[in-house]
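All chains are named by letter (A, B, ...) in the order of the sequence lines, taking the proteins before the strands, and each is independently numbered beginning at 1. Source: prediction; values computed, not measured.
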Amino acid sequence: VSDAIALLALPFIAALCLVGIHAYFGIQVLRRNVIFVDLALAQIAALGATVAFMLGHPALGAAAYAYSFGFTLLAALLLSFTRAWSGRVPQEALIGVIYVLAAAAALLLIDRAPQGAEHLKQILTGTILTVGRDDLALIAPLYLAVACVHWLLRKRLLPTAGADWRWEFAFYASFGVVVTSSVSLAGVLLVFSFLIIPAAIGVLYAERLSRQLLIAWISGAAASALGLGASYVWDLPTGAAMVCAFGAALALAGVARPFARDGQRGRTARQMLCVARWCTSLVLLASAAGLMFAPHADQPLLDAAERTLPALRDLYLNSSEQALYRDAAAYAARYQRAAGQLNEREARSRFDTKALDDYELARISSFIKSYNEMRRGEEFVMREVRSRARARVRWIGGAFALVLALLFAPGFFPIVCSSLRDKRAQTGSQTS
Amino acid sequence: MRTLALIAWLVALLLATPVAALAQAKLRLVATTPDLASLAEAVCGERVTVSSIVPPGSDAEEYQPRPRDLERLRGADAVMRVGVDYDLWLDRLLGQAQNAALARGAPGYIDASVAIALLDVRGAAVGPGHQHGSGNPHYWLDPANAEIITGNLLEALARLDPPGAHHYERRRIAFLDRLAAKRGDWQRALAPYQGQALIAYHNNWAYLARRFRLNLAGFIEIKPGVPPSPAHLASLLRTMREKDIAIIVRQPHEPARNTGFLASRSGAAVVVLAASVGALPETPDYFGLIDYNVKALAAAFSQRGKS
């Protein structure tokens with residue numbers, strides 16, 4: 001655990017800084033309706049750094065930052081002039097065009113200097129996991145300064161209709177500065193999540209800016225902590241895990257939103273239960289159809305159930321099939337072990353034990369290869385035994401899934417019950 | 001004016017014809033990577049024009065072919081590839097170029113990996129390790145393999161250009177002599193550090209490490225393109241502490257961020273090595289490549305011994 005805390009402390013602080021400033025900009029971006037502006041600005045900044053690199057300046061040096069900043073300012077100017085560009089084409093279209101043009105132009109430039117490709121990649125794919133103290137020392141004061149400017153000019157920088165282009169320019173320029181630094185730190189995907197998702201949750205639940213911000217910050221911090229924790233516990237790439245945690249937070253907020261309205265809680269709960277039951281029922285129905293009509297194909301639901309509860313398999317395999325299955329599984333494990341041992345031996349021989357010559361190496365390699373192929377063979381036997389057993393029990397299994405589907409379907413029970421009651425009432429009236 | 005230009009053109013054409021004819025007589029060999037091109041130049045000499053598809057310093061595994069590559073393959077007499085699923089893009093390029101002399105199995109098709117004893121072979125069931133089940137493709141980084149690669153090349157050249165066979169053989173023997181001398185130097189330079197452990201960004205160094213008996217104890221990026229997870233980094237840091245690893249190896253184009261992060265956490269030094277010819281200015285050809293890597297490693301190990 002101490003390892004985890006030592007590794008994740010700095011990324012978490014960085015995530016808090018990023019959520020802090022991006023949640024605010026996200027609310028602004030949502031109000032202005034320029035959702036993808038951060039991608040365009042980040043790509044423009046990367047183009048600027050690439051130009052600097054091509055002119056012979058060192059990557060990530062002062063000149064590179066100056067060029068990035070200059071290009072970002074140009075893009076900000078363009079964006080501020082085109083706020084009320086035309087009634088026909090939304091500004092979002094122009095933002096998309098800026099994005100693709102900047103990306104393509106950078107690629108064309110990099111084509112002349114292949115060493116720069118990695119540099120370009122680094123500007124756009126930061127990894128929040130490897131944030132250092134010096135990175136934090138750079139962004140924390142910068143974001144604080146930007147936040148102060150926006151606080152002082154809060155009357156001017158809110159997107160009111162017919163705003164002066166100079167204030168728009170100030171907004172996009174400061175946003176560009178923030179995005180340029182954050183994207184190189186956390187990557188495009190994660191920064192987009194920081195920007196839009198907490199802001200969306202805030203806007204979903206509150207009207208006033210201050211309350212929106214508060215909700216956005218809390219939800220963003222919680223999602224960051226969850227994402228980082230999940231990435232450590234389940235051994236996942238950090239950025240992607242955090243993006244998914246933010247997505248889950250938004251989904252949760254969306255589902256919970258109707259409950260926040262007074263007086264409708266009961267109805268909403270009933271509606272959601274109904275939707276959930278329909279979904280379950282449909283999945284079961286599809287699984288039943290799959291099992292009955294294509295028993296040899298993949299059965300995702302059944303596979304998942306068997307993975308969590310292996311005893312389920314013994315329910316439909318007969319005793320000889322069970323023996324065959326267990327046998328194949330044991331052999332597969334054995335081959336895997338054997339290949340692993342050989343592999344270990346060969347790896348040790350590279351630096352520790354007696355060196356193998358090419359002939360011995362080729363021999364060991366061919367054994368490893370054979371063991372792996374044999375393991376695949378056993379795994380094929382396991383799959384085949386299972387799929388044949390499934391084909392054998394498809395009608396019973398399918399019928400069972402069908403019954404389950406009907407049980408889950410909302411409204412089915414009441415209909416059956418009432419029709420039964422009607423019948424009984426009819427027969428009752430006939431006899432009397 | 002126009003007639004004058006026409007006359008000038010004709011004169012130029014007349015002058016150019018013999019040169020063009022001479023150029024035609026030369027074999028044209030297209031190698032996929034600068035490493036193979038450098039080895040081929042050592043063997044071929046002036047009888048063959050050698051060029052590389054992937055420019056020096058680019059990532060050959062992620063190379064995006066250009067229209068000009070197609071043109072080059074159409075006019076080539078031989079193509080030489082790394083194989084082992086490394087330059088897979090060549091297959092589609094060859095299919096488009098429609099040059100029968102270069103088709104798989106034709107005399108002009110040279111797979112340099114033939115007869116190489118590959119490392120990290122897993123078979124079709126890819127286990128943990130390199131992304132390809134058919135073996136680790138970075139075999140040219142073992143200088144002993146240069147003998148096999150040039151052997152494959154010599155065989156093909158003797159088939160394509162029988163009158164030049166002696167020329168190629170002489171040049172190859174000279175190359176092997178120089179290689180043997182150099183290999184002695186390299187072995188001596190790294191002999192004191194046998195069995196020492198290091199970490200690499202990606203599994204490109206298996207052959208180099210095996211030849212000089214260094215222990216490649218772990219990799220930062222296990223699956224290409226997937227950034228490392230915190231649990232993986234934590235286990236790497238643990239390994240580095242346990243085995244007292246003070247060297248992290250990366251290529252010039254691999255991200256400095258992750259290696260720098262591990263280095264700052266563990267106090268290890270980052271060594272930039274070139275995995276291919278031309279990746280660094282100090283590695284203009286094959287000998288320069290191995291020379292540079294050996295010297296950089298030896299310097300890093302000796303630095304560490306002092307501190």
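Highest contact tally toward chain B, considering only A/Asp235, A/Asp358, A/Thr238, is held by A/Asp235 [criterion: heavy-atom pairs under 4.5 Å]. Heavy-atom pairs under 4.5 Å with chain A were tallied for B/Ala144, B/Pro230, B/Ala117; the largest tally goes to B/Pro230. Between chain A and the residues B/Leu119, B/Asn215, B/Leu233, B/Leu216, the largest count of heavy-atom pairs under 4.5 Å involves B/Asn215. For the set A/Val233, A/Leu361, A/Leu8, A/Leu356, the count of heavy-atom pairs under 4.5 angstrom toward chain B peaks at A/Leu361. In terms of heavy-atom pairs under 4.5 angstrom with chain A, the leader among B/Gln194, B/Arg211, B/Arg66 is B/Arg66.
Annotation for A/Glu360: atom CD counts as buried by contact number, over 12 foreign heavy atoms lying within 6.0 Å. In the displayed structure, A/Asp298 atom CG is contacted under 6.0 Å by at most 12 heavy atoms of other residues, nucleotides or ligands. Within 6.0 Å of OH on A/Tyr371 lie no more than 12 heavy atoms contributed by other residues, nucleotides or ligands.
Contact of A/Ser366 with chain B is not made at all, since no heavy-atom distance falls under 4.5 Å. For B/Pro228, the part lying under 4.5 angstrom from a heavy atom of chain A is the backbone only. Residue A/Glu346 touches chain B through its side chain alone, counting heavy-atom pairs closer than 4.5 Å. Of the two parts of A/Leu10, only the side chain, counted from C-beta on, holds a non-hydrogen atom closer than 4.5 Å to a non-hydrogen atom of chain B. Looking at A/Ile364, neither its backbone nor its side chain comes within 4.5 Å of chain B, counting heavy atoms on both sides. Only the side chain of B/Ile148 comes within contact range of chain A, with at least one heavy atom under 4.5 Å from a heavy atom of that chain. With a 4.5 Å cut-off on non-hydrogen atoms, A/Ala355 touches chain B through its backbone and its side chain both.
The NE2 atom of B/His232 sits 11.5 Å away from the CG atom of A/Leu7 when rounded to the nearest 0.5 Å.
B/Leu118 and A/Ser365 get closest at one heavy-atom pair: O-OG, 3.3 Å. Residue A/Tyr232 comes nearest to B/Ala231 through the heavy atom pair O-CB, 3.5 Å, listed as atom of the first residue, atom of the second, then distance.
Within residues 260-271 of chain B, the residues having any heavy atom less than 4.5 Å from a heavy atom of chain A are, in residue-number order, B/Phe261, B/Arg265.
Using a 4.0 Å cut-off between a side-chain N of Lys or Arg and a carboxylate O of Asp or Glu, A/Arg350 and B/Asp120 qualify as a salt bridge.
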Step by step, work out the side-chain contact (heavy atoms from CB on, under 4.5 Å) result for A/Leu129 and B/Arg257.
CA-CA 10 Å; A/Leu129 185 57; B/Arg257 253 202 135 82; over 6 Å; no
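Annotation: side-chain hydrogen bond (donor to acceptor under 3.5 Å, both in side chains) contacts of B/Tyr201 (sequence neighbours excluded): B/Glu221.
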